[in-house]
Amino acid sequence: VNQVPDIYRILPEVILTLTGVAVMFIDASLPPGLPRRPLGWVAAVGTTVALWASLWQLSLPQGTGFFSTVETSAFTIFFHVLICGIVLVALLLSLDTLPEGSHHQGEFYALVVFGAVGMCLLTGAVELLVVFIALEISSISTYILAGYRKNTGRGPEAAIKYFLLGSFATAFLLYGIALIFGATGTTQIYEVAHLAPTAQNHSFVLAGLALMLVGILFKVSAAPFHIWTPDVYEGAPAPVVALLSTAPKAAAFALLLRVVYEMFPSLHAIWSPLLWIVAVLSMTVGNLAALRQENAKRMLAYSSIAHAGYLLAAFAGLGTSGIAAASFYIAAYAAMNVGIFAVITLVSGYDERLPMIDDFRGLIYRSPLLGGLLIFFLASLVGIPFTGGFFGKFYSFSAAVDGGAIALAIIGLLNSGLAAAYYLRVALVAAQRSPGKSAEETAAAPRVGVAVGAALFFAVAATLILGIAPGEVLRAAEAGAHTLQAPSAQATNPGLSVAQQPNP
Amino acid sequence: VNAINNSILTWIMLVPLAGAVLVTLVPDRAKLPNWIALLTALVSFGLTLHLPAHFVLGQSGFQFVINIPWIENPAIFYHVGVDGLSLWLVVLTGLLAPIGVIASWNAITERRKVFFVLFLIQQTAMFGVFISLDLMLYYAFWELSLVPMAILIAMYGRKDGPRAALKFFLFTFIPSAPLLVAILWLYAKTGSFDFITLQILIAHGNFPAGAIYLVALAFLVAFAVKVPVFPLHGWLADTFSEAPVAMAMVVAGKLGLYSMLRFHIGLFPAQAQAVAPWMIALAVIGILYSACLALVQRDFWRLLAFAAISHLSLITLGIYGFTFTGSAGAVYQILNHGVVDGALFLLLGFLYDRYATSQIADYGGVAAKLPRAAALFVIASLAMIGLPMLNNFVGEFLILSSTFTGVSRGWAIAASLGVILGAAYMLWLIQRIFYGPESELTRSTPARDLQFKELAVLMPLAVLMLLMGLIPSLWLRSIETGFHPSSPQARTVDTHFVAQGGQR
């Protein structure tokens, strides 16, 4: 019945894998003295091709391949494009900032690309074991990348923390999968969705769901599973954090959407209040902790926890509107977060000479371009209109209001008022004149290379487009939301998508 | 002309933005940014003059309307238009732009590009607030108007800019969170952000009474902070004493008051009437309390800030008196306040440029050195006090007389005390700064009297004070159109007024 060759269903993953292997082989066969920087361009080109391949998949009919283990649909393509885009920007960012020589550059690019394979596969998998494998592929790469600054104490510390807690969380996920298999006799997501409501051992299903949620919420760094985030972000190199704080989270959120909306729509009454609590906890804990940070990366780590909370608010929405809002938020969050980490990478440098918020003092005078971009991305994180952050919050909270969670929306918006305080603090520091030591700082004014320039341009363009003309992306997210719901054939709901009425 | 009428509002809004882009592109040399900003401001002021020239008197409803879809889902429309209420506010905003640019001509010496870019973006945001008829569009501009102001306070603050900027931002950003939730709630219930549609739907009252009351309250609080109404005025004094003259001059008061009239009373007449007694009480307390505080200030920026709160509270009194005369008088008084307060700001700014202190006690006998400045200051102060033949007299008289006949004699008498206190603190200020024995500072600092540029910005304002005092009908005729019984805006005002047995 399925006429599409299976290989087309995972074409982006195949291309990424080939790119990664090629990068590793070339790296190994080059004499040690040669610069490894061109390998970064190879990886970037490969990622671009994978991005086009994902877009090309739109021409495929929706369906599954490899014995119903991977799916291509508007939903998977949305996340493939998003993840490939993030990885591309992160690669461009690393190209100009990774120090030559001592660091294993070739491996670095290969690991980034292999990580992308896992993340892409994670969004397309509809079989829990493939989900697990994909998660491992992406996690192992990111564990190594997190510890890439081997010569400092913080690098290995970050990697070990991330690895130990991460594998612990993956064990939870795996245990959850096992329980679900025990209750339903299958690990195929559609079949689980079909069998779960009538499963003999209902408590196994519930326990399985809970354990899987723990595993996934760890990956998206939602409170109370967020403890690792600040340490890892502080220890990992900034270009890696740009990737780490966005792409794996996008993949994990895609998985979360799939688990709750596609696999367990029947347990809505169970997971909805759970996610409500996690959302409120994440925003509040994240924002309160961020207020007190002095290190820019730690502050952004807590801010990313808060953003996970805003995003989870969308899960209070019903069906399509909730999924579309969450997908859109991930895209907006990724654009602005990659952007701000790009700026931080340039200012602090790979070796982090200037990691503290105070080191950004007078940035706008040292480098008007970087200062302006920093303020722009901060404005987007605050949620100022005409930036992606605004519509992200807007869709997320309107999904919540639609779903009847008005209290959640109000808590969320009050939280974004609180968040404005610490974002603004950085913006104000950047706009403040620094007393003395100007010569030293002028010397430290960072140069913006071609690759980084392109990375910044993509991030700014994406943030602006999402803020001024979000229609196209939202339509794609909605199309994805519909395909995600299709197999379980839920009743359509009067959410965002129907709310549009003729304007007199 | 028809073609111009159909696009004029877009042009008014876009011209400052285009100017801002242009300023970023030119080199900061030979006052080039200043000239571009001035040219842009003059062009946009010229364009705003088109509105009163082609405004059809006696025609109810909105004119120069543009209504095209902006974002499909949620249904956000680019719906703009002006009526008698907003017409002159747009013109006032246009007028203050070139004046603000010239006032900053010599005062802003560093980073002129940043200053003028943000100043022009602020203009766009303010035009946007006054002409938006779609709640989401309105909210977007409302939020946007905070950002340039906050950054400029931080960058150009006189003593502790960043702290004042943070205070300003949080005070005005946090209450807009409930405002957004309220707007989203309305959208979830009605599927529309359109002002006119919502007005009709709310008038037909198919909403739960308790919920709509809270929604109206969320609108009110957001606006009351911006005005500011006692006891939410904590940010204003700091903002006035830190902000660059041009910025403080353009933002003071009018955004919040306009929003109250349009979106609180306009959308929720019944709910607004329910809180009107409270608002009247708060307004009168605000008038007296801040007038008393103004009497004891030692810093002239703070004195001006409390004077402004006192006058803005009087306008609030006019708005919530729910009388036809009071409402028209309130709008007229917003214009007067913009002109008079603008002139006082400019004059104090010129003094500050010369003597670099805002402590009143340091001054004395300045009139002998700067006779022109003294004369203009006296004129502006007399206008502020409400001397007949000058503009404030008309507005204050309309508000106080309508309060006396239509609301309550007690409140009217109490509010009139504020006018007397106003005379006291302004005349005392004049006496302390301009007359009396020459102080150490005035003797030792060489200072020239007002120069051509300074006179060029002050003279038009002085002429306006006289004109608006002598022939108020020029303005009041079109303002009253906004409250014409047949216009939806004023239907509510009128029915209430008739119900009370009052007469026009």
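Chain letters run A, B, ... following the sequence lines, proteins first and then strands; every chain starts at 1.
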Correct closest heavy-atom pair for B:Ala150 and A:Leu428 would be O-CD2, 4.3 Å

Side chain to side chain contact (heavy atoms under 4.5 Å, CB included) with A:Phe397: of B:Leu184, B:Val181, B:Leu180, only one passes, and it is B:Leu184

For A:Pro385 and B:Ala140 the tightest heavy-atom approach is CG-O, 3.1 Å

Whatever's closer than 4.5 Å to a heavy atom in chain A on B:Ile153 counts as neither

Comparing A:Ala430, A:Ala469, A:Ala420 against chain B, the one with the most heavy-atom pairs below 4.5 Å turns out to be A:Ala420

*Decide if atom NZ of B:Lys167 counts as having more than 12 heavy atoms of other residues, nucleotides or ligands within a radius under 6.0 Å.*
yes

Smallest heavy-atom separation, B:Ala188 atom then A:Asp402 atom, equals CB-OD1, 3.5 Å

To the nearest 0.5 Å, atom CZ of A:Phe390 lies from atom CE of B:Met136 at 3.5 Å

Checked B:Ile174, B:Ile183, B:Leu144 vs chain A; the most non-hydrogen pairs under 4.5 Å come from B:Leu144

*For the residue pair A:Phe386 and B:Phe141, is the inter-centroid distance of their aromatic rings smaller than 6.0 Å?*
yes

Would a distance-only check, ignoring hydrogens and angles, find a side-chain to backbone donor-acceptor pair under 3.5 Å from B:Trp70 to A:Ile468?
yes

Honestly, the part of B:Val147 sitting under 4.5 Å from a heavy atom of chain A is side chain

So, the part of A:Ala427 with a heavy atom under 4.5 Å from chain B: the answer is neither

- Message: Are the side chains of A:Val401 and B:Tyr187 in contact, using a 4.5 Å heavy-atom criterion?
- Response: no

Determine whether A:Tyr423 and B:Phe169 make a side-chain contact, defined as any pair of heavy atoms from C-beta on separated by less than 4.5 Å. no

Okay, B:Leu166 and chain A: the region with an atom under 4.5 Å from a heavy atom over there is both

The interface call for A:Ile384 against chain B, heavy-atom contacts under 4.5 Å, is side chain

Decide yes or no for A:Leu413 and B:Pro178: does some side-chain heavy atom of the first lie under 4.5 Å from some side-chain heavy atom of the second?
no

Is any side-chain heavy atom of A:Leu424 less than 4.5 Å from a side-chain heavy atom of B:Phe173? no

